[in-house]
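The structure under discussion appears below in the form of structure tokens.
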Amino acid sequence: MSTIPDEKIREVRERAPILQVVSDYMSLKKSGANYQGVCPFHGEKTASFNVNPARGIFHCFGCGVGGNAVDFVMRMEGLSFPQAVKFLAKKVGVEIPERPLTREEKRKVDEQEQAYQINEAACEFYRRVLESDEAGAAGRAYLEKRGVDKATAATYRMGFAPAGWDNLTGFLRRKGIPLEAAEKLGLLRKREGKDGYYDTFRNRLLFTIADLHGRAIGFGGRVMDDSLPKYINSPESIVYRKSEVLFGVDLAKKGMREKGSAIVVEGYFDHLALYRAGYTNVVATCGTALTPPHVKLLRRYADRAFMLFDGDEAGRKATVRSMELFLEEGFPARVVEVPAEDDPDTFINREGGEAFQPLLDKALPIFESFYKGLLKRMDVRSVEGKVAFVNEVSPRLQKIGDPVERGLYEKEICRALGIDRAMLLQKVGIPAQVQAPRPQPKGAPQQRGTEEVLLTLMVKYPDVVLRVRDHGADKLFSASHLKLAQAIVAQSETGDLDLPLVLEQIESHEERSRLYSLFVEDAHLEDLDPVKAFEQCCQALERRALKGDGKALARELATVDPDSPRYLEILSELERLRNKKSKLL
């Protein structure tokens, strides 16, 4: 929940017109009452992203994303709702009142700000050493050997930690930075049994780990030779939580939006190799397994992910763990396979960036890659092997939410094993007779029902709102649309309709998205007579109600004794309904 007053949120939206907000990020062209452009949230060539300035909403008919100006900024900047409101408020000069922080909140804010400043100071030190100090010569030579130029090193804010024990310690002390605070961030360590501190990173090439906004929050240090450990990463801190951070996400935000996908790798140099080769939608895990917050972070910017982990046993296990997360989140993912002897870095350096694209093109869906890999590694010719395979596959199969997708995999697996599908379903725990509904393709034109047509008339024509109010919204709308219709009536009585505010009251994200698609385009209503259209909707709804009543009576008639008084009553009622219905035609 936001602590920002509703009137301030409304003021921000009024002073930050959606057309102006969206135009700051992308090119739009006028198309009728709307403005159109190529969607920034998924890869497309034909413009399907629509902005309706009059209603203050946007919707993409390609990927289904919709919302108001605040929603747009949330997605583009990776911000929470309060952060996005404050972001826009600052742009348009609206002052958001801040309640006084408690002592504990003030302490935490101050500690976070100090942590950012210390990490930035350390980044400045490491960068200077790499770029120009004699102590950074080993780092510069290493990067040159790996083909990394100065511009790339600057983009990644790469640095070098000299070989001595107290180089950073002395730098921070001279800047007046509390060394105990730097220790909390893992930059320094306390000397055992002695006073003072020493540098954590020594004689290592450093990658700066940044948050969404490019602020330094940690470091990953690589040795120059084959000594172990190869990498040392900053520990978790008040600003760095490994389960929520993906390396390079600040660089990849734009690329993920444009391409509609994210490439997830394990290593810093894998990331660097792909990014330099033009795959700007790449992120890396920071020495940890993929987590639910990671998947949610990817979902802000991409429609699907490509997993690119090592082909060894550890890599396979990491891929399976990731698969379970993606399946649970309903987020499409594919597995990219590089030759067994390679990682992305060595492959691209040897074959070139263009050779990587075919690997992406033939990447298998993550579940398909999983079960086909199992088939190769397990002996499924024996009963014992088949049972072991099913035991491995079935709990993951259960996690596939789309019944059509799951059903197709069930058929493929049964064909590969030579077993009956009912046996597999019994293990998975899904009744064999359940028929999977056929999903509607995203962005496909939908045929609007009468209630939805009436809602669009209410949004466009105030006269229709008055007629709905006088007629009674509860007599026109079913439960699925009644609350929205009542909200439009109530809001219209207080002044001009604020459609974004009304739609914010819809709790279901899917329903809200559907309604944005309903209201963003209304060119088809331009030449209508609203009063006549309202009356036609009323007649259609009444016919639908009569049809429903008739079906209910017909079902009852089939169960009633023909000699009973109720039988004659039903026949009479059915005749009355038929007469009433004929007058409506």
Side-chain angles (χ1 to χ4, degrees), residues 39-45 48-49 60-66 75 78 246 249 252-253 255-266 274 279-285 289-309 315-316 318-338 344 356-374 393 395-413 428 436-444 509-510 513-514:
C39 182
F41 304 124
H42 80 290
E44 65 172 12
K45 294 180 180 178
S48 57
F49 182 91
C60 175
F61 288 96
C63 65
V65 169
R75 281 184 166 272
L246 289 167
V249 72
K253 287 188 298 186
M256 288 192 288
R257 287 193 205 104
E258 289 174 349
K259 298 180 182 180
S261 64
I263 302 172
V264 183
V265 297
E266 289 183 292
L274 283 164
Y279 300 92
T280 56
N281 56 332
V282 60
V283 293
T285 54
L290 210 67
T291 65
H294 287 152
V295 177
K296 286 181 171 64
L297 177 61
L298 291 174
R299 188 161 225 156
R300 289 190 198 175
Y301 303 101
D303 296 322
R304 62 194 183 282
F306 290 92
M307 302 304 298
L308 193 51
F309 288 173
R316 278 198 294 271
T319 302
V320 171
R321 285 195 299 270
S322 303
M323 173 187 68
E324 292 176 346
L325 285 177
F326 285 119
L327 294 180
E328 285 166 1
E329 292 288 332
F331 188 55
R334 291 176 172 261
V335 175
V336 182
E337 292 187 5
V338 295
F356 184 74
Q357 186 59 50
L359 301 185
L360 281 180
D361 295 338
K362 63 182 182 182
L364 292 177
I366 197 164
F367 182 80
E368 184 178 348
S369 172
F370 163 68
Y371 91 76
K372 286 185 174 177
L374 276 183
V393 165
R396 279 91 188 200
L397 201 52
Q398 285 176 319
K399 295 179 187 291
I400 299 176
D402 186 333
V404 173
E405 182 184 4
R406 189 176 60 237
L408 292 171
Y409 278 133
E410 287 161 1
K411 287 180 180 177
E412 282 190 24
I413 289 167
V428 175
R438 187 168 296 176
Q440 292 296 317
K442 213 177 210 179
H509 174 78
E510 290 75 15
S513 181
R514 191 183 67 80

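Closest approach of Phe41 and Cys63 over heavy atoms only: CB-SG, 4.4 Å. Here the closest non-hydrogen pair linking Ala262 and Met256 is CB-SD, 3.4 Å. Nearest heavy atoms, Arg321 versus Ala289: NE-CB, 3.9 Å. Nearest heavy-atom pair across Glu337 and Ser369 is OE2-OG, 4.1 Å. Between Ser48 and Gly62, the closest heavy-atom pair is OG-N, 3.5 Å.
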All N/O donor-acceptor pairs, side-chain side in residues 323-334, below 3.5 Å, sequence neighbours left out:
| from | atom 1 | to | atom 2 | distance (Å) |
| --- | --- | --- | --- | --- |
| Glu324 | OE2 | Arg396 | NE | 2.7 |
| Glu324 | OE2 | Arg396 | NH2 | 3.1 |
| Glu328 | OE2 | Lys399 | NZ | 2.7 |
| Glu329 | OE2 | Lys296 | NZ | 3.0 |
| Arg334 | NH1 | Ala363 | O | 2.6 |

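Residues Phe49 and Val65 fail the side-chain proximity criterion, which asks for heavy atoms closer than 4.5 Å. Side-chain contact check for Leu290 versus Leu246: some heavy-atom pair is nearer than 4.5 Å. Between Val336 and Ile263, the closest side-chain pair of non-hydrogen atoms is not below 4.5 Å. Put simply, the side chain of Leu308 reaches to within 4.5 Å of the side chain of Leu274, judged on heavy atoms.
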Practice problem: Show the numbers, then the answer: is there a side chain to side chain contact (heavy atoms under 4.5 Å, CB included) between Val282 and Phe306? | Solution: CA-CA 9 Å; Val282 60; Phe306 290 92; over 6 Å; no
Exercise. Walk me through it: do Val264 and Leu298 pass the test side chain to side chain contact (heavy atoms under 4.5 Å, CB included)?
Key: CA-CA 10 Å; Val264 183; Leu298 291 174; 3.9 Å; yes
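For Tyr409, the side chain to side chain donor-acceptor pair (under 3.5 Å) criterion is met by no residue, not counting sequence neighbours.
Between the CD atom in Glu412 and the OH atom in Tyr371 there is a gap of 3.5 Å [rounded to 0.5 Å]. To the nearest 0.5 Å, atoms CD1 (Ile413) and CG (Leu408) are separated by 11.0 Å. Here the CZ-NE2 distance, from Arg299 to His294, works out to 16.0 Å after rounding to the nearest 0.5 Å.
Checked against Phe370 for a side-chain contact (heavy atoms from CB on, under 4.5 Å), the options Val393, Thr319, Leu364 give a single hit: Val393.
For the pair Tyr279 (side chain) and Gln357 (backbone), a donor-acceptor distance under 3.5 Å is present.
Within the structure, the salt bridge (charged side-chain N to carboxylate O under 4.0 Å, His left out) test picks out the following pairs touching residues 358-368 (sequence neighbours left out): Glu368-Lys372.
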